[in-house]
Amino acid sequence: MRTIQVYNTLTRKKEVFKPIEDGKVGIYVCGVTPYNDPHIGNARPFVTWDTIRRFFAKCGYEVHYIQNFTDVDDKIIRVSHEQGKTWKEVADHNIDVYFQSMDALNVRRADVYPRVSDTIPEIIEMVQGLVDKGYAYVVDGDVFYSVEKFKGYGKLSGRSLDDMMAGARVEVDERKQNPMDFAVWKSAKPGEPFWESPWGNGRPGWHIECSAMSLKYLGRTFDFHGGGSDLIFPHHENEIAQSQAFCGSEDCFAHYWVHNGFITIHEEKMSKSLGNFFTVADILKKYPGEVLRFFILQTHYRSPLDFSDERLKDAQAGLMRLENARRNAEELSAKDGAADTAKALAEAALSAKESFYTAMADDFNTALAVSYLFAVAKDINVYYNEVVNQGTAFDKENFGKAKDAFYDMAEIIGIFEAKAEEKSDEDAEIDALVEERLAARKEKNWARADEIRDLLKARGIVLKDTAEGTRWERA
RNA sequence: GGCGACAUAGCCAAGUGGUAAGGCCGAGGUCUGCAAAACCUUUAUCCCCAGUUCGACUCUGGGUGUCGCCUCCA
């Protein structure tokens with residue numbers, strides 16, 4: 001099997017990926033807290049991981065992909081109070097919106113989307129285990145994890161407990177033995193959802209759910225754990241502390257930690273707390289989801305990605321180029337021909353595909369990989385031109401090979417999946433006008449032809465005459 | 001204050017110890033009744049200083065700048 005290298009946050013270097021079980025890969029990606037609309041910064045890890053898992057699947061791996069919903073949380077409770085809804089209604093609604101957003105970005109569904117509210121027994125069991133082993137202590141119905149008890153605390157984020165103490169800027173709960181201790185179980189306050197537990201009515205702390213869910217669905221040890229780099233500390237650091245303390249071995253939990261960089265606005269992190277964000281839905285009003293997806297993948301996942309309307313436009317222009325090559329490829333494939341004119345094209349495409357896979361295998365370098373997609377697109381366009389405009393005889397067999405390679409790469413990037421839209425009445429009317437113009441042109445009635453073109457232009461319709469007819473699209 | 005990342009053409013963005021992928025924009029061209037669209041061609045010596053080396057954008061040290069984490073956050 002192809003050698004895949006991955007940058008591991010834990011070791012701060014690229015490592016050769018060795019699956020725990022041959023031919024299989026287990027992935028746990030931190031999902032969202034469904035308290036409002038997902039913004040495009042939220043979307044980045046999911047687009048990234050969707051691409052990574054597509055790649056693994058293409059390489060022949062059996063992928064197990066788990067992504068949670070933290071549906072029991074302070075923010076959800078707050079929103080539910082504000083909106084006069086139950087926490088469940090808030091979570092369910094936002095999970096629906098989340099799926100709509102991800103569908104638009106061609107993000108395939110994870111195998112399981114566990115929710116905190118469905119994992120309470122496992123969480124309680126884990127908290128109890130931590131208490132039993134002396135890693136957690138109970139105070140007034142709250143349960144805290146004792147960071148000093150876990151000697152590896154800080155290994156993921158690369159800081160020592162002393163560093164953290166020095167930098168502590170938060171008000172410390174007096175009941176904590178160490179300021180860095182964190183809650184694994186919180187006692188219920190009036191008006192909050194709660195579950196019964198050995199420590200009284202309460203709910204899980206923030207980090208424990210991922211430890212419990214990954215254990216439940218992927219086992220004590222699994223291959224990848226991913227998320228945004230802002231989760232490295234404290235979230236993932238705490239997950240490691242919980243999981244490895246619980247199972248009693250440093251080998252437990254994720255082997256490779258993969259963190260994506262942020263999306264920024266004017267070079268500043270996009271975040272809900274800063275309020276400088278665009279929701280995925282905002283973007284979808286102006287651009288197809290594939291454009292946003294492509295925009296994200298044109299930059300390496302670990303680099304920061306500065307968002308602006310202009311850059312999204314650039315990405316769209318690039319994607320259109322690819323789409324156009326695809327249309328040309330479709331048009332050519334409909335032809336027959338047994339000439340031997342596309343041998344070089346097929347070879348170049350296969351070679352580009354190999355380079356594409358090599359790029360992906362080097363820490364999922366989608367930015368480099370995409371360049372090979374453009375290379376093949378160019379070759380296809382050139383060949384299209386030769387066949388359609390210069391009368392070169394068509395080579396169906398070799399062209400088919402090139403086209404397959406092109407589509408194979410596109411499938412990993414997750415483009416060319418736009419759903420066919422149903423023709424509206426307006427579309428039919430436009431089609432009719434386009435037909436009329438074609439007829440007018442045949443009769444060299446340029447006045448009428450131009451009149452129709454202008455008419456459509458005024459309605460925001462752009463015509464594209466080609467050798468095979470006229471395509472049109474909304475500007 | 002502690003820890004870390006990054007600095008490549010007008011814009012975005014890969015990358016390698018041996019003279020820089022790709023995209024956007026711009027320019028030129030092909031096609032077209034004209035146009036649009038499409039397509040083709042074309043555009044850099046890699047923040048500054050010093051060092052290592054036959055040779056550095058790529059390694060080391062220093063500087064400057066930007067950003068992030070340390071608090072909820074993808």
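Chain naming here is simple, since letters A, B, ... match the order of the sequence lines and numbering starts at 1 in each.
- With a cut-off of 3.5 Å on both Watson-Crick or G-U wobble distances, the partner of U64(B) is given as A7(B).
- Look at Arg311(A) and you'll find a side-chain N or O under 4.0 angstrom from OP1 or OP2 of C12(B).
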Contact string for nucleotides 18-27 of chain B, one letter per nucleotide 5' to 3', B = base within protein heavy-atom range under 4.0 Å, S = sugar-phosphate only, - = neither, reads ---BSSS---
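- Side chain of Lys75(A), nearest nucleotide from U71(B), G33(B), C72(B): C72(B).
- With sequence neighbours left out, Asp379(A) forms a side chain to side chain donor-acceptor pair (under 3.5 Å) with no residue at all.
- Counting atom types as modelled, Arg159(A) pairs a side-chain N or O with a base atom of C69(B) as donor and acceptor under 3.5 Å.
- Between Asn381(A) and the phosphate of A38(B), there is no side-chain N or O to OP1/OP2 separation shorter than 4.0 Å.
- In the interface, the side chain of Asp450(A) is paired with the base of G33(B) through a donor and an acceptor atom under 3.5 Å apart.
- For A38(B), its base never sits under 3.5 Å from the side chain of Asn328(A) at any donor and acceptor pair.
- Contact annotation: Lys457(A) side-chain N/O to A35(B) OP1/OP2 distance is not under 4.0 Å.
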What string of B, S and - do you get for nucleotides 4-9 of chain B 5' to 3' if you count protein non-hydrogen atoms under 4.0 Å? ------
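- The phosphate of C11(B) has neither OP1 nor OP2 within less than 4.0 Å of any side-chain N or O from Ser308(A).
- Side-chain N/O atoms of Arg453(A) and base N/O atoms of A36(B) include no donor-acceptor pair closer than 3.5 Å.
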